[in-house]
Every structure is written in C-alpha cells, then in structure tokens.
Amino acid sequence: MQRFPFSTPPRIGEAVEVAPGILWARMPLPYRLDHVNVYFIADAGGWAIFDAGLAQEGCREAWESLLAGSLAGASFTRLIVTHAHPDHIGLAGWLCEKLNIPLLTSLGSYLGCLKISLDPGAMEQQIYQEFYRAHGMAEDVAAAVRSLGHGYLRLVSPLPRTFQRIMHGDTLVIGGRNFDVLTGEGHAHEQVMLHSRDDGIFFAADEVLTKITPNIGVWSVEPDGNPLSRYLRSLRKITEEIDDQALVLPGHHLPFHGLHGRCEELAIHHRERCDRIVEACRDRPRSVAELVPPLFPHVEDVHQLGFAFDEVHAHVNYLIDLGELEQIDVDGIRKCISSEAQVTR
Ligand SMILES: [Zn+2]
C-alpha cells in the first residue's frame with residue numbers, strides 16, 4: 001500500500017517544499033492526465049530544475065507565474081530532463097534559453113527528441129504503414145497514427161544545441177547532496193531517475209507512477225523490440241537499489257511512500273494483461289489490432305488507439321520471447337496463437 005504524505009498538490013504557479021531543499025510544482029496539461037510534476041533541488045548558487053513541461057501556452061504561463069510568485073528572485077543552475085516525452089522535455093529549449101542554464105539529460109532522451117525534430121515525417125515511410133498493416137491495423141487508422149510525429153513538434157520547443165550527458169551509474173552532486181543517476185527502460189529510452197540514498201529521496205520520473213501505469217509500447221522503428229521485458233527488469237532493479245521507505249517523487253500525481261509494493265503491483269498488472277492475451281489467443285489466432293478491443297474497450301480517438309496498439313504489441317512481443325505465444329501468417333496478417341493451443345491442435 002502506498003502512503004501519500006501530501007494530500008493536495010500545489011496550485012499552478014506555486015512551489016511547495018516536500019523535503020529539505022526540494023520543491024514541488026505543477027504544470028497544466030490539456031489532456032485527461034491534466035498535469036505534470038516539476039521539482040526544484042537546492043544547488044550551489046540556485047535551484048536545479050527537474051523536468052520542464054509541455055511547449056504550450058498553459059505551461060509557459062505557469063512558468064511565468066512561478067517565476068513571478070513562489071520563485072520570484074530565485075536563481076537557477078541547470079535543467080535536468082527525465083525523458084523525451086513532450087510533457088517532460090517540451091519546454092527544455094525554451095527554459096534553458098530563458099534562464100541561461102545548461103540541459104542535462106540522457107543520450108537516449110536527447111537523441112530521441114532530436115530524431116523526431118529533425119525528421120518529423122519519417123513515420124510516413126511505407127515501411128511503417130506496412131508494419132501496422134501486417135499487425136491488422138486498418139489503413140486509415142495506420143495513416144493517422146503515423147502522422148503523430150508532426151504533433152510532437154508542436155509540443156516541443158527546439159532543444160538547446162548542446163547538452164550534458166548523464167547516464168546510469170553516474171553520481172550527480174547537487175548542492176552538496178549526492179544523487180545516484182539511474183535510467184529506466186520500457187516507458188521511454190534511458191529515462192533518467194535520481195536517488196539520494198542519504199536522504200531517502202527518489203525522483204522516479206514516469207517509471208513508477210501511482211494511479212496510472214506508465215505506457216509501455218513497441219516503437220515501429222524497433223518492431224521486434226521487447227520493451228516490457230526491459231521495463232520489468234527496471235522495476236526489479238529499482239526495488240533492489242532503493243529503500244521501500246524512500247519518498248518517491250513521481251512525474252505525475254502525488255509523492256508517495258511504498259515503492260516496493262507499487263513496483264510489485266505494476267508487475268502484476270502486466271502479468272494479468274499477458275494472461276488475458278494468451279487466453280484470447282487460445283480459441284483462435286488474433287492480430288495485435290484484434291487484441292486491442294478486449295484489452296482497451298474504451299479507446300476514444302486515434303491518439304489513444306495508437307497508444308493502446310503499441311501497448312498490446314509490447315505484451316505480444318514479450319509473450320513471444322517467453323514462448324507463450326507464436327505468430328503465424330493468416331492471409332498476410334501476423335496473428336498470435338497461444339503456444340499451448342498450438343501443441344494441442
Ligand atoms: Zn509523463
């Protein structure tokens with residue numbers, strides 16, 4: 001069970017102390033998930049900022065009111081960005097320029113963002129259309145999903161031309177405090193997390209969230225990838241490295257205690273999803289697209305459908321690697337069948 005030491009989040013434009021020398025603020029998002037957390041860590045000569053928010057007016061205004069309100073007159077030393085998703089990296093370029101501070105992030109985050117920025121139309125290549133078609137997605141849906149790269153650019157300001165790389169195993173000294181740098185996989189490439197062992201504080205980014213499970217999806221650029229296996233490995237590593245009593249400061253929702261229990265819940269959630277997929281593939285072969293409705297009955301738009309498809313695909317690739325599913329060709333569509341059903345046929 002998780003415990004939540006702060007029952008209400010800070011108001012937009014307000015920063016509150018969650019531990020000595022650590023502030024928490026929120027940026028608004030125009031989605032059902034309507035906010036992202038940003039943090040400030042006391043550094044020599046000012047505050048290090050942890051995550052930036054989305055490159056949209058609402059977040060820019062929230063920053064302006066923070067800088068004129070709770071953080072009026074404050075100095076800033078650097079911006080640490082956790083991963084390349086727009087709600088976290090979106091305003092990195094804007095903030096670094098405005099505050100004249102360097103960007104610190106992982107190579108995976110920097111290059112991941114740069115890849116889309118330099119080549120937003122890449123997803124329209126025929127090879128990706130074919131990838132979605134072969135897994136059963138309707139042509140028009142596939143075309144819409146593939147155009148999402150252009151949407152990304154509207155949510156991300158151009159990155160600074162240089163950055164400071166941080167990677168798993170580094171120690172980052174912030175204001176005299178030592179933070180171990182960890183990176184997690186599955187939700188994003190090389191997602192940065194920070195851990196102060198001495199103070200029992202863990203900046204978890206989106207790797208461990210309460211309320212929602214981080215989206216784990218197959219990326220069409222790596223069609224046979226197994227992000228779920230990597231994600232589960234990251235959860236195990238986090239459980240080994242970090243004390244259950246640590247204060248967890250996540251990318252969304254409230255800070256909490258009870259890290260190990262939450263990691264276990266997340267692992268169980270994915271195993272249950274796997275079981276439902278294997279079950280659905282027992283009676284007849286099903287494509288990834290055919291597995292989406294039983295797992296995600298409430299998908300509302302193309303954007304959500306793309307996420308749901310990639311998420312189901314992650315479970316499918318994981319189950320194929322485990323030998324629990326096999327893929328067969330049915331009239332040019334790749335369909336999954338449970339290995340057990342295969343044996344007994
Ligand atoms: Zn996020």
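Counting convention: from 1, in listed order, for ligands and their atoms alike.
The backbone N or O of E14 sits nowhere less than 3.5 Å from a side-chain atom of S70 that would complete a donor-acceptor pair.
Ring geometry for H135 against H313 counts as tilted: the plane angle lies between 30° and 60°, on a 0 to 90° scale.
Residues F309 and Y132 bring their aromatic ring centres within 6.0 Å.
D206 contributes atom OD2 as its closest N/O/S atom to the Zn ion (ligand 1). Take the N/O/S atoms of D87: the one nearest the Zn ion (ligand 1) is OD2.
Within the coordination shell of the Zn ion (ligand 1), defined by N, O or S atoms under 2.8 Å, H88 is present. Residue H252: an N/O/S atom is found under 2.8 Å from the Zn ion (ligand 1).
A salt bridge is defined here as a Lys NZ or Arg NE, NH1 or NH2 lying under 4.0 Å from an Asp or Glu carboxylate O, and K335 with E290 meets this definition.
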